[in-house]
Amino acid sequence: GGFYLIIVAVCACAAAYLLWDNYHGTISRVVIEVFHQEIALLRHLTDRYDLALTTTSADAAAHYRAAIECLQYGNVGAVARLEQAVAADEGFALAHATLAQAYQQSGKMDDAKASIARAHALAGDATRRERQPIAFLAAVVGNAMPRALAIGREHLDDFPRDGFLLGQWRFLTTYSSEKDRQAQAY
């Protein structure tokens, strides 16, 4: 969203300076350095699969990536990392939804319900790529497995690189009913 506009604006400014200011290389180098800094910042605002995250906080993104690692490899530390992510950016809807699932896995259902409600309230500012996992995690937390399987399948059709959701979806298909599993096999 907004960061891509920044990149386009920086690129346009860089091109204008490079064309206009052939003799003043210092200005051109400064503009190019700012462009490289923006690219570096964008790289830090992605998940571990290089999918963009709707957060303006590099700390929130880093905590979210660490939490995903925790969730994929045994859940130890995931709640703390996700709590740090939402503390760093209260408006990070996907982190709230993922925190809801981590709370659910820890047996904290009241916290899970509150966190998924917060994610829903914030989801309007998220990208479509993030709104689908929020809906998926809401269905998981709400124990609506057929709905979760359908949302997950749709999301993976649109965003096949989303490895975290793929892992969650595969787990659900493994432990869902035979009828649901056959209908949703991927």
Side-chain angles (χ1 to χ4, degrees), residues 1 3-4 42-55 57 60-86 88-89 91-106 108-109 111-177 179-186:
F3 284 104
Y4 293 110
L42 278 178
R43 286 187 183 134
H44 293 290
L45 299 178
T46 59
D47 66 9
R48 67 184 301 233
Y49 305 101
D50 275 339
L51 297 170
L53 296 172
T54 305
T55 179
S57 168
H63 289 303
Y64 179 79
R65 283 190 302 272
I68 295 303
E69 293 279 334
C70 293
L71 286 169
Q72 290 181 321
Y73 302 110
N75 198 30
V76 176
V79 169
R81 289 300 201 144
L82 289 162
E83 287 173 341
Q84 291 169 328
V86 298
D89 181 356
F92 189 5
L94 185 58
H96 281 282
T98 309
L99 178 58
Q101 183 191 26
Y103 280 144
Q104 179 191 38
Q105 291 176 351
S106 300
K108 300 177 179 177
M109 287 309 297
D111 291 335
K113 290 175 185 175
S115 193
I116 203 67
R118 183 72 181 133
H120 273 296
L122 296 167
D125 292 334
T127 63
R128 180 172 160 267
R129 204 256 342 141
E130 289 182 314
R131 284 191 306 269
Q132 285 177 324
I134 291 167
F136 171 82
L137 293 169
V140 170
V141 169
N143 203 26
M145 295 312 152
R147 178 168 163 65
L149 289 169
I151 293 168
R153 176 65 183 252
E154 178 184 345
H155 179 74
L156 291 168
D157 285 343
D158 295 341
F159 303 96
R161 288 187 2 222
D162 193 336
F164 174 66
L165 195 127
L166 175 62
Q168 300 298 308
W169 185 83
R170 293 291 294 168
F171 178 82
L172 288 181
T173 59
T174 301
Y175 294 101
S176 64
S177 70
K179 177 182 158 192
D180 288 338
R181 191 169 45 250
Q182 287 177 353
Q184 297 295 325
Y186 198 66

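Computation of the quantities below employed the complete heavy-atom set of this structure, encompassing side-chain atoms and omitting hydrogens, waters and symmetry-equivalent molecules. If you read the sequence from its start, that first residue is 1, and numbering goes on from there. Quick caveat: nothing in here was measured; it's all calculated off a predicted structure.
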**Request:** Quick one: closest heavy-atom pair of V86 and F92, and the distance?
**Result:** CG1-O, 4.5 Å
**Spatial distance of atom CD (Q101) from atom CD (Q105) [nearest 0.5 Å]** = 4.5 Å
**Message:** Just verifying a value: how many Å separate L53 CG and L94 CG, rounded to the nearest 0.5 Å?
**Reply:** 6.5 Å
**Complete:** Contacts of H120 meeting side chain to side chain contact (heavy atoms under 4.5 Å, CB included) (sequence neighbours excluded), chain-then-number -> I116, A138
**Asked** Minimum heavy-atom separation for C70 to G77, with atom names?
**Response** SG-C, 3.9 Å
**Item:** Non-neighbouring partners of D111 that pass side chain to side chain contact (heavy atoms under 4.5 Å, CB included), sequence neighbours left out
**Value:** Y103, K108
**Q72 side chain vs G167 backbone, donor-acceptor pair below 3.5 Å** = no
**Message:** Among residues at least two apart in sequence or on other chains, which ones pass side chain to side chain contact (heavy atoms under 4.5 Å, CB included) with A67?
**Reply:** R81, L82
**T98 vs I68, side-chain contact (heavy atoms from CB on, under 4.5 Å): CA-CA, chis, key distance, verdict** = CA-CA 9 Å; T98 309; I68 295 303; 4.0 Å; yes
**Prompt:** Should E154 and D157 count as side-chain neighbours, where that means a heavy-atom distance under 4.5 Å?
**Reply:** no
**Prompt:** Any side-chain heavy atom of D162 sitting closer than 4.5 Å to one from F136?
**Reply:** no
**Shortest non-hydrogen contact between A85 and A95, atoms and distance** = CB-CB, 4.1 Å
**Asked** Could you walk me through whether L165 and F159 pass the side-chain contact (heavy atoms from CB on, under 4.5 Å) check?
**Response** CA-CA 10 Å; L165 195 127; F159 303 96; over 6 Å; no
**Item:** Check against side-chain contact (heavy atoms from CB on, under 4.5 Å), Q104 and L137
**Value:** CA-CA 10 Å; Q104 179 191 38; L137 293 169; over 6 Å; no
**Message:** What's the separation between atom CZ in R129 and atom CG in D158, rounded to the nearest 0.5 Å?
**Reply:** 11.5 Å
**Gap between atom CD of Q84 and atom NE2 of H63 - 0.5 Å precision** = 4.5 Å
**Item:** Between CZ on residue R161 and CG on residue D47, distance to nearest 0.5 Å
**Value:** 8.0 Å
**Fill in**
Closest heavy-atom pair, A88 versus S57, reported as atoms and distance to 0.1 Å, is CB-OG, 3.7 Å
**Message:** Using side-chain contact (heavy atoms from CB on, under 4.5 Å), reason through L51 and T46 one step at a time and then give a plain yes or no.
**Reply:** CA-CA 5 Å; L51 297 170; T46 59; 6.0 Å; no
**Asked** Any donor and acceptor pair, going by atom type alone, linking the side chain of R48 with main-chain N or O of E69 inside 3.5 Å?
**Response** no
**Complete:** For I151 and Q132, the nearest pair of non-hydrogen atoms, with its separation, is CG2-O, 3.5 Å
**Asked** Given side chains that start at C-beta, do those of Q168 and V140 come closer than 4.5 Å, heavy atoms only?
**Response** no
**Asked** Which value, rounded to the nearest 0.5 Å, describes the distance between L71 atom CG and F164 atom CZ?
**Response** 5.0 Å
**Message:** Ignoring hydrogens, what is the shortest heavy-atom contact between A126 and R131? Give both atom names and the distance.
**Reply:** O-NH1, 2.5 Å
